[in-house]
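Below is one structure, written out as structure tokens; the observations come after it.
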Amino acid sequence: MAGTVQQDLAVQLRGRDFIGLVDYAPEEIQYLIELAVELKRKHKAGEAYQPLKGKTLGMIFEKSSTRTRVSFEVGMYQLGGHALFLSKNDLQIGRGESIHDTAQTLSRYLDGIMIRTFAHRTVIELARAATVPVINGLTDLSHPCQALADYQTIYEKKGRLQGLKVAYIGDGNNMVHSLLMGAAKLGVNFAVATPEGYEPDEEVLRQCKESAAKAGATIYVGADPKEAVADADVIYTDVWASMGFEAEQREREIAFKNYQVNDELVKYAKKDFLFMHCLPAHRGEEVSEGVIDGPNSVIFDQAENRLHAQKAVMAAIL
Ligand code: CP
Ligand code: NVA
């Protein structure tokens, strides 16, 4: 990307929320991916980069987390700033204080707020009332930080994004929504196979198809895993029962039993396919041990890139 274009993008990202890839232009997403690659290089070379000295990020968690919590906290530290872990149960919102008042109050102390919550509208409400940027650390609708790190990972491994094919097998959940939106913006062809009744959200699909048409990419949604995986460069899956859906575990195990990514299924993909999973994973359910622990798996590169991709987001918007 040429220098002046990058400077313009840097200016246009400052102060923005990061709630969904839907709000970001293709060149802005590409810019964040390239920045993430550069921040990773700097970090590995031992070059300090601390544009956020004196800044504090609040991290509100309503659900468990390993990767998101640690990568945001470490990322903020590496950028010269500080991160505060705020469990929803310990905040007054846990006792009924409104999102509005919480957002207004926290904005007086913090330079940014990251939130992981159930209802997507909570993040929207928080962002509306906050006067500092808000970052979506996962809702029931989407997980844009993970998708950004994942496209960074694919870009690093394959050297390009446009024209590749990603196949997603499993639940039509938050993860596939963000992956679909990223693909649609970046010109990646995307195929989804879910059991009937577990398809991605219709409105999300409509928006993705609109963006994909502009980028010249295709989106396929069906029920046949083999068809989805045919000639894929990447096979992605996620847990059958996401956080908040634990009570449906048994019925989901039955509904998804033919949707495991295993040695038999991956034969239909390209030889050099990447296997991806946002983690945490359930070996023996959505993926066999042979595949997730096999030579094509890049799951820990994805996990690592959460750090670099989120550093790029924070450095750009805070
Ligand atoms: N992939 C991901 O978001 O992991 P955590 O739930 O551990 O944060
Ligand atoms: N779909 C999963 C992703 C976890 C990172 C969940 O929401 O539980």
Side-chain angles (χ1 to χ4, degrees), residues 18-21 36 57-76 83 85-88 113-123 135-154 166 168-182 192-195 198-201 204 234-249 252-253 255-256 259-261 274-283 285-287 292 297-311 313-314:
F18 188 76
I19 294 178
L21 295 178
L57 177 79
M59 311 188 297
I60 303 176
F61 282 92
E62 198 177 6
K63 293 176 173 178
S64 308
S65 169
T66 298
R67 282 143 288 267
T68 304
R69 177 176 175 180
V70 177
S71 57
F72 266 105
E73 185 158 344
V74 171
M76 200 57 193
F85 174 72
L86 304 165
S87 158
K88 195 177 171 196
I113 304 171
M114 192 283 294
I115 178 165
R116 165 169 287 196
T117 187
F118 288 93
H120 192 74
R121 66 169 183 282
T122 305
V123 181
I135 300 173
N136 174 1
L138 178 144
T139 68
D140 287 346
L141 187 75
S142 62
H143 197 3
C145 292
Q146 181 71 50
L148 187 69
D150 294 338
Y151 285 111
Q152 178 196 345
T153 308
I154 299 171
V166 175
Y168 176 94
I169 310 300
D171 188 21
N173 62 12
N174 46 9
M175 202 55 252
V176 74
H177 291 159
S178 291
L179 289 169
L180 267 166
M181 188 51 80
V192 183
T194 68
Y198 294 95
E199 294 84 2
D201 180 82
V204 171
V234 175
I235 305 176
Y236 204 114
T237 189
D238 187 12
V239 288
W240 290 340
S242 285
M243 289 180 275
F245 295 85
E246 290 82 358
E248 297 177 16
Q249 177 68 25
R252 283 171 176 259
E253 277 171 23
F256 286 89
Y259 289 79
Q260 186 187 72
V261 177
L274 303 176
F275 172 75
M276 301 181 78
H277 193 307
C278 58
L279 304 180
H282 292 173
R283 285 170 173 75
E285 290 184 26
E286 73 273 11
V287 59
I292 194 169
S297 177
V298 295
I299 54 171
F300 298 115
D301 296 305
Q302 295 175 254
E304 177 187 337
N305 282 341
R306 291 293 303 278
L307 171 67
H308 309 299
Q310 288 156 196
K311 278 173 73 179
V313 170
M314 294 191 287

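Order of listing sets the numbers, starting from 1, for every ligand and every atom in it. Throughout, numbering of the chain's residues begins at 1 and tracks the sequence.
Protein heavy atom closest to atom 4 (O) of ligand 1, with residue, atom name and distance, is R67 NE, 2.8 Å. For atom 7 (O) of ligand 2, the closest non-hydrogen atom of the protein is N174 ND2, 2.8 Å. For atom 6 (O) of ligand 1, the closest non-hydrogen atom of the protein is R116 NH1, 2.8 Å. The protein atom (non-hydrogen) at minimum distance from atom 8 (O) of ligand 2 is M243 N, 2.8 Å. The shortest contact between atom 7 (O) of ligand 1 and any protein heavy atom is with T66 N, 2.6 Å. For atom 4 (C) of ligand 2, the closest non-hydrogen atom on the protein side is L138 CD1, 3.8 Å.
In the model, E286 has no side-chain atom that pairs as donor or acceptor with a side-chain atom of H282 under 3.5 Å. Residues T153 and N305 bring a donor and an acceptor atom of their side chains to less than 3.5 Å of each other. Side-chain contact, S142 with N136: a donor N or O sits under 3.5 Å from an acceptor N or O. A donor-acceptor pair shorter than 3.5 Å can be found between the side chains of Q249 and E285.
Each of the following atoms of ligand 1 lies closer than 4.0 Å to a heavy atom of H143: 2 (C), 3 (O). If you number the atoms of ligand 2 from 1 as listed, the ones under 4.0 Å from a heavy atom of L279 come out as 5 (C). Within ligand 2, counting atoms from 1 as listed, the ones closer than 4.0 Å to a heavy atom of D238 are 1 (N), 2 (C), 3 (C). Annotation for ligand 2: atoms under 4.0 Å from non-hydrogen atoms of N173 are 1 (N).
The one candidate from Q310, E304, R306 that meets the side chain to side chain donor-acceptor pair (under 3.5 Å) condition with H308 is E304.
With ring centers used as reference points, F275 lies 6.0 Å or more from Y236.
When only interatomic distances are considered, the shortest N/O to N/O separation between C278 and ligand 1 falls below 3.5 Å. Backbone and side-chain nitrogen or oxygen atoms of S242 are examined, and one is located within less than 3.5 angstrom of a nitrogen or oxygen of ligand 2.
Look at R306 and you'll find a heavy atom under 4.0 Å from some atom of ligand 1.
Contact annotation: for L279 versus ligand 1, heavy atoms closer than 4.0 Å belong to the backbone alone. Proximity of K63 to ligand 1, defined as any heavy-atom pair under 4.0 Å, is not found for any part of the residue. Under 4.0 angstrom from ligand 1, there are no non-hydrogen atoms of R69.
When every heavy atom of N174 is checked against every heavy atom of D140, the shortest pair comes out as CB-O, 3.6 Å.
Both tests hold for K63 against F118: distance to the six-membered ring centre under 6.0 Å, angle to the ring axis within 45°.
Looking only at distances, a side-chain donor or acceptor of Q302 sits under 3.5 Å from a matching main-chain atom of H277.
Using bins of under 30°, 30° to 60° and over 60° for the plane-to-plane angle, the ring pair F256/Y198 lands in the tilted bin.
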